[in-house]
Asker: 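Please read through the structure below; I'll follow up with questions.
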Amino acid sequence: MYKLNEITNKQTWNDFIINSHFRFYSFLQSWEWWELQKLSGKNTSRYAILKENKQIWSIQIIKVKAKRGNYYLIPHGPLIKWDYFKTLKEILPELKIQAQKDKMSFIRFNSVIENTKHNKQEYSKLWCIDAPMHEHVEDTHLLNLKKYERELFNNIKKKDR
């Protein structure tokens, strides 16, 4: 049986992310990104999913208030250590209960799982549908800010400036 636990400790969160050796994770799942979201006035939550008191995945949620309905946004997550869709299927009822308590209309996963036919079919089995637009940027750059501004801009494509 899985259990959804809120995480309030930065070290616990970061240790799990760093030590789990995920194939891919982004800054959108970092503790610092979520602190920035909170500072900009967004309501956020962090959860760990426990199985037999051992953390097996993590999920960060932004509670979005929009004209089309309030919803949970889960950018580049959840981060699951193994068997993504089986685990997601088993925890989704618990996540739905939490969303209903928060009066959310739907849950939006903006996952980093590869966009393959198989993965689309697996999401469909969970009653998920493709979203028509992106919530966050697709491409990011790491810049050494010790360089001068002109040098920084010269090393970035014009479309990315």
Side-chain angles (χ1 to χ4, degrees), residues 1-7 12-34 36-37 40 42-52 54-143 156-161:
M1 187 71 186
Y2 294 106
K3 187 177 176 188
L4 193 64
N5 276 6
E6 190 161 11
I7 298 289
T12 301
W13 182 266
N14 285 340
D15 284 350
F16 177 75
I17 300 293
I18 292 166
N19 296 325
S20 293
H21 306 290
F22 291 106
R23 198 180 88 165
F24 176 85
Y25 65 91
S26 76
F27 70 94
L28 296 177
Q29 285 294 313
S30 70
W31 184 274
E32 292 75 12
W33 175 254
W34 292 89
L36 181 66
Q37 295 299 308
S40 66
K42 294 185 178 149
N43 194 347
T44 64
S45 300
R46 293 180 191 88
Y47 294 100
I49 306 308
L50 305 177
K51 184 176 184 178
E52 299 165 4
K54 183 173 172 109
Q55 186 172 352
I56 62 166
W57 62 295
S58 62
I59 184 170
Q60 295 198 80
I61 299 169
I62 299 174
K63 297 171 187 171
V64 178
K65 294 186 182 220
K67 289 180 185 177
R68 62 187 176 274
N70 300 337
Y71 62 98
Y72 278 173
L73 171 62
I74 304 168
H76 291 190
L79 296 175
I80 299 176
K81 286 175 100 168
W82 63 79
D83 205 350
Y84 182 87
F85 289 106
K86 182 179 182 238
T87 306
L88 188 58
K89 179 181 179 180
E90 292 184 29
I91 198 61
L92 207 48
E94 183 76 20
L95 202 52
K96 285 180 183 178
I97 290 168
Q98 188 63 42
Q100 289 170 341
K101 285 179 188 174
D102 289 338
K103 297 181 174 44
M104 298 291 138
S105 301
F106 58 94
I107 301 168
R108 181 169 183 177
F109 296 99
N110 209 356
S111 177
V112 294
I113 297 295
E114 287 183 75
N115 189 14
T116 64
K117 185 176 181 179
H118 171 74
N119 288 344
K120 284 185 174 196
Q121 289 171 342
E122 291 298 316
Y123 272 120
S124 286
K125 290 176 188 175
L126 299 174
W127 295 94
C128 295
I129 57 173
D130 275 338
M133 62 184 190
H134 297 289
E135 290 279 344
H136 288 98
V137 297
E138 290 294 309
D139 295 320
T140 58
H141 301 276
L142 292 176
L143 300 175
I156 301 173
K157 291 180 186 174
K158 203 169 197 173
K159 72 174 185 70
D160 295 331
R161 290 185 190 165

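Computed from a predicted model, the values in this text were never measured in an experiment. For the numbers below, each heavy atom of this structure counts, side chains included, while hydrogens, waters and symmetry mates do not.
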Asker: Taking atom CD of Gln100 and atom CD1 of Ile107, what is their separation to the nearest 0.5 Å?
Answerer: 8.5 Å
Asker: How about Ile7 and Trp31: do any of their side-chain heavy atoms sit closer than 4.5 Å?
Answerer: yes
Asker: Of all the heavy-atom pairs spanning Ile74 and Phe109, show the shortest one and how long it is.
Answerer: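 Closest heavy-atom pair between Ile74 and Phe109: CD1-CE2, 3.6 Å.
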Asker: State the CG-CD1 distance between Leu95 and Ile59, to the nearest 0.5 angstrom.
Answerer: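 The CD1 atom of Ile59 is 4.5 Å from CG of Leu95, to the nearest 0.5 Å.
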Asker: Could you give the distance from CD (Glu94) to OH (Tyr47), rounded to the nearest 0.5 Å?
Answerer: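 That separation rounds to 9.5 Å.
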Asker: Check for a donor-acceptor pair, side chain of Trp34 on one end and backbone N or O of Leu28 on the other, with a separation under 3.5 Å.
Answerer: yes
Asker: What pairs with Glu114 under salt bridge (Lys or Arg N to Asp or Glu O under 4.0 Å), at least two apart in sequence or on another chain?
Answerer: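 Salt bridge (Lys or Arg N to Asp or Glu O under 4.0 Å) list for Glu114, sorted by chain: Arg23.
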Asker: Under a 3.5 Å distance rule, please check whether Gln29 uses its side chain to pair with a backbone N or O of Pro75 as donor and acceptor.
Answerer: yes
Asker: Quick one: list whatever passes salt bridge (Lys or Arg N to Asp or Glu O under 4.0 Å) with Lys125, sequence neighbours left out.
Answerer: Glu122
Asker: Tell me every residue that passes side-chain hydrogen bond (donor to acceptor under 3.5 Å, both in side chains) with Thr12, counting only those two or more places apart in sequence or in another chain.
Answerer: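 Listed in chain order: Asn9.
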Asker: In Å and rounded to the nearest 0.5 Å, what is the NZ to CG distance from Lys65 to Asn43?
Answerer: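 Taking NZ in Lys65 and CG in Asn43, the distance rounds to 7.5 Å.
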Asker: Just wondering, more than 12 heavy atoms not from Ile129 lying within 6.0 Å of its CD1?
Answerer: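 Result for CD1/Ile129: open.
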Asker: Which residue is it: Met104, Lys96, Arg108? I am looking for the one with a side chain to side chain contact (heavy atoms under 4.5 Å, CB included) to Tyr72.
Answerer: Met104
Asker: Just to verify, what does Lys120 make a salt bridge (Lys or Arg N to Asp or Glu O under 4.0 Å) with, not counting sequence neighbours?
Answerer: Asp130
Asker: Restricting to non-hydrogen atoms, name the atom on Tyr71 and the atom on Ala66 that form the minimum distance, rounded to 0.1 Å.
Answerer: CE2-CB, 4.1 Å
Asker: Which residues satisfy the side chain to side chain contact (heavy atoms under 4.5 Å, CB included) test with Gln121, sequence neighbours excluded?
Answerer: Lys117
Asker: If I compare all heavy atoms of Gly69 with all of Ser105, which pair ends up nearest, and what's the gap?
Answerer: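 Reported closest heavy-atom pair: CA-OG, 3.8 Å.
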Asker: Establish, yes or no, whether a centroid distance under 6.0 Å links the rings of Phe85 and Tyr123.
Answerer: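 When the ring centroids of Phe85 and Tyr123 are compared, they turn out to be within the sub-6.0 Å range.
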Asker: Could you give the distance from OG (Ser111) to CG (Leu88), rounded to the nearest 0.5 Å?
Answerer: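 Taking OG in Ser111 and CG in Leu88, the distance rounds to 8.5 Å.
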Asker: Distance check, rounded to the nearest 0.5 Å: Ile17 atom CD1 versus Ser30 atom OG?
Answerer: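 Here the rounded value is 9.0 Å.
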Asker: Salt bridge (Lys or Arg N to Asp or Glu O under 4.0 Å) with Lys63: which residues, sequence neighbours excluded?
Answerer: Asp102
Asker: Between Val64, Leu36, Leu73, Ile62, which is the residue that forms a side chain to side chain contact (heavy atoms under 4.5 Å, CB included) with Lys42?
Answerer: Ile62
